Asks: 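Mind looking over this structure? Questions follow.
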2 protein chains.
Amino acid sequence: MTTPGLRERKKQATREALREAALRLAVERGPDRVRVEDIAEAAGVSPRTYNNYFASREQAIVSAVTADREERIAAAVAARPSGVRLADAVTDAVVEQYTNTGEREHKALLLITTQTALRDAFLDATAGIEPPLAAVIAERLGDAGAHTARVLAASVAAAVRIALEGWLRPTEDADAAGSFAAGGLVVPSGSLADQLRAALAPLAPAFDAAERRTQP
Amino acid sequence: MTTPGLRERKKQATREALREAALRLAVERGPDRVRVEDIAEAAGVSPRTYNNYFASREQAIVSAVTADREERIAAAVAARPSGVRLADAVTDAVVEQYTNTGEREHKALLLITTQTALRDAFLDATAGIEPPLAAVIAERLGDAGAHTARVLAASVAAAVRIALEGWLRPTEDADAAGSFAAGGLVVPSGSLADQLRAALAPLAPAFDAAERRTQP
DNA sequence: CAGGAAAAATGCGTGCGCGCAAGTTTGCGT
DNA sequence: ACGCAAACTTGCGCGCACGCATTTTTCCTG
């Protein structure tokens with residue numbers, strides 16, 4: 001495992017090349033002015049090979065921003081000392097990994113905002129945090145709570161998705177939101193960190209209860 | 001609203017015709033022996049009109065089973081007396097709507113199990129319960145908890161999805177699950193009701209806390 | 001280091017999702 | 001009753017996702 005083998009290295013190199021090519025072309029021309037054929041050609045690979053790596057055209061562009069955020073979040077949770085509340089560990093790790101963003105990623109996010117299909121792909125990508133997150137949570141809860149860990153991880157993913165949805169829509173028709181939230185106070189779309197913490201807060205009691213069940 | 005107008009009635013009739021045609025054809029031949037062209041023809045409509053109603057071919061088949069389960073769940077929650085715990089109301093409503101299944105629906109589920117694409121579409125359909133569920137939960141929590149309601153509803157949807165995933169895989173390679181749950185006790189895939197209750201149980205503390213915050 | 005097995009890349013063909021620009025039906029006001 | 005506007009349907013075309021069979025590359029073992 002020290003050397004993943006040339007096989008795996010070339011594989012990751014190709015994936016990286018596709019990522020970068022997709023993002024670059026999407027920035028240069030419009031996002032819909034680029035076909036998979038162009039991306040494949042820019043990466044020096046056949047179009048058929050392209051969707052051996054990415055199921056949809058949008059995934060390639062989005063994955064340039066998403067990268068391996070899933071593993072980073074899981075690692076960040078694992079890095080917290082075991083003394084702190086699990087809920088805090090998860091919340092802080094998520095906020096940290098979503099706000100510590102480079103300049104290049106921020107520009108790419110602006111691009112994503114413009115296209116509905118890209119936004120959807122970006123939101124769908126959040127579901128990918130569930131498996132690694134479930135693993136680290138299960139590690140803290142012990143084997144008995146493996147099932148609970150899975151549910152909690154999925155809930156976190158859902159909450160993050162909601163936070164992102166609420167965040168990347170500054171340009172929304174005001175009347176379109178009047179379906180049922182006409183009662184008045186809708187969150188005025190604060191910073192991303194605020195949105196994430198607000199979305200994750202309701203889940204904290206569930207984490208506390210799960211944690212209490214294994215460490216009384 | 002008494003008479004939805006002939007426009008809307010024909011629309012629902014077409015949707016129903018497509019649903020039934022898709023399910024019938026999928027049962028008669030194999031699920032992959034049926035093209036959208038066939039379904040559209042059986043429903044007396046153009047193929048292009050077909051995906052004015054359904055985004056994917058699988059959605060039509062699945063929707064014959066799913067129907068309007070979303071609204072039924074929301075209605076079932078609203079029907080519970082306001083005295084009971086919100087967590088119990090939601091859990092019972094979900095279990096009730098997923099287990100009170102007719103004979104025809106059960107046969108269709110067996111069909112869905114066979115095809116991976118159909119299973120995925122079926123699982124994706126569970127996300128549809130979020131909006132109506134968020135509405136009824138928000139109604140109980142008051143306008144201040146609208147945001148919390150959204151998160152809780154999404155968590156419920158995620159939990160239900162996990163329960164369904166665990167339920168409809170009796171035919172899984174034993175070693176395929178050995179990725180990280182090698183610790184030993186994996187749930188032996190009990191009844192659907194058990195799976196649903198087990199998946200929703202970890203969320204109960206979150207519901208209790210949210211409820212407590214509005215009615216001290 | 002040679003050769004064979006495993007894995008990945010590629011070509012090809014099919015069906016599908018969807019935008020666009022007509023044509024057709026429904027509903028509503030006068 | 002009539003006609004107009006909005007909603008729905010339909011034909012057309014393009015690009016894409018993916019299964020299958022073949023070729024090329026990587027890896028391991030004797």
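Here is the naming used below: chain letters follow the sequence lines, and residue numbers restart at 1 for every chain. Being a predicted model, the structure only gives us computed values, none of them experimental.
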Asks: Rounded to whole Å, how long is the line connecting atom CG of B:N51 with atom C1' of D:dG15?
Replies: 15 Å
Asks: Output every pair passing side chain to side chain donor-acceptor pair (under 3.5 Å) with a member in residues 40-50 of chain A, not counting sequence neighbours, ordered by first then second residue.
Replies: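 Of all non-adjacent pairs touching residues 40-50 of chain A, those that pass side chain to side chain donor-acceptor pair (under 3.5 Å) are A:S46-A:T49, A:R48-A:N52.
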Asks: Could you work out which one of C:dA9, D:dT9, C:dG17 sits closest to the side chain of A:N52?
Replies: C:dA9
Asks: Separation of B:K11 atom NZ from D:dA7 atom P, in whole Å?
Replies: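 That distance rounds to 10 Å.
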Asks: Given atom CZ of B:R15 and atom C1' of D:dC8, what is their separation to the nearest angstrom?
Replies: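 For the pair B:R15 CZ and D:dC8 C1', the rounded distance is 13 Å.
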Asks: Determine: side-chain N/O of A:Y53 to OP1/OP2 of C:dA9, distance under 4.0 Å, yes or no.
Replies: yes
Asks: Is the NZ or CZ atom of B:R72 positioned over B:Y98's six-membered ring, under 6.0 angstrom from the centre and within 45° of the axis?
Replies: no
Asks: Specify the separation, in whole Å, of atom CD of B:E8 and atom P of D:dC8.
Replies: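 The answer, rounded to whole Å, is 7 Å.
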Asks: Compare the minimum distances between each of C:dT26, D:dC16, C:dC18 and the side chain of A:R35, then state the nucleotide with the smallest one.
Replies: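 Closest of the options to the side chain of A:R35: D:dC16.
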Asks: Residues in side-chain contact (heavy atoms from CB on, under 4.5 Å) with A:P132, at least two apart?
Replies: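 Partners of A:P132 under the side-chain contact (heavy atoms from CB on, under 4.5 Å) test: A:E70, A:A74.
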Asks: Over how many whole Å does the gap from A:Y50 atom OH to D:dG15 atom P extend?
Replies: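 Rounding to the nearest Å, OH of A:Y50 and P of D:dG15 are 15 Å apart.
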Asks: Would you kindly give the CD-to-C1' distance between B:E41 and D:dG11, to the nearest whole Å?
Replies: 17 Å
Asks: Among the candidates C:dC16, D:dC16, D:dT10, find the nucleotide nearest to the side-chain atoms of A:V36.
Replies: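 Shortest atom-to-atom distance from the side chain points to D:dC16.
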Asks: Whole angstroms only, please: what is the CD-P distance between A:E37 and C:dA9?
Replies: 19 Å
Asks: Within the pair A:S46 and C:dA9, is there a side-chain N or O less than 4.0 Å away from OP1 or OP2?
Replies: no
Asks: Within less than 4.0 Å of OP1 or OP2 of D:dC8, is there a side-chain N or O belonging to B:K10?
Replies: no
Asks: Is it true that A:E130 and B:R161 have a side-chain N and a carboxylate O under 4.0 angstrom from each other?
Replies: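 Looking at B:R161 together with A:E130, the answer is no, because their closest N to O distance does not fall below 4.0 Å.
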Asks: Check whether the side chain of B:R48 and the base of C:dG19 form a donor-acceptor pair under 3.5 Å.
Replies: yes
Asks: Does the distance from a Lys or Arg side-chain N to an Asp or Glu carboxylate O, for B:R35 and B:D38, drop under 4.0 Å?
Replies: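 Here B:R35 pairs with B:D38 in a salt bridge, since their nearest N and O are under 4.0 Å apart.
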Asks: Take the protein atom CZ of B:R33 and the nucleotide atom P of C:dT14, then report the distance between them rounded to whole Å.
Replies: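 Rounded to whole Å, this separation is 14 Å.
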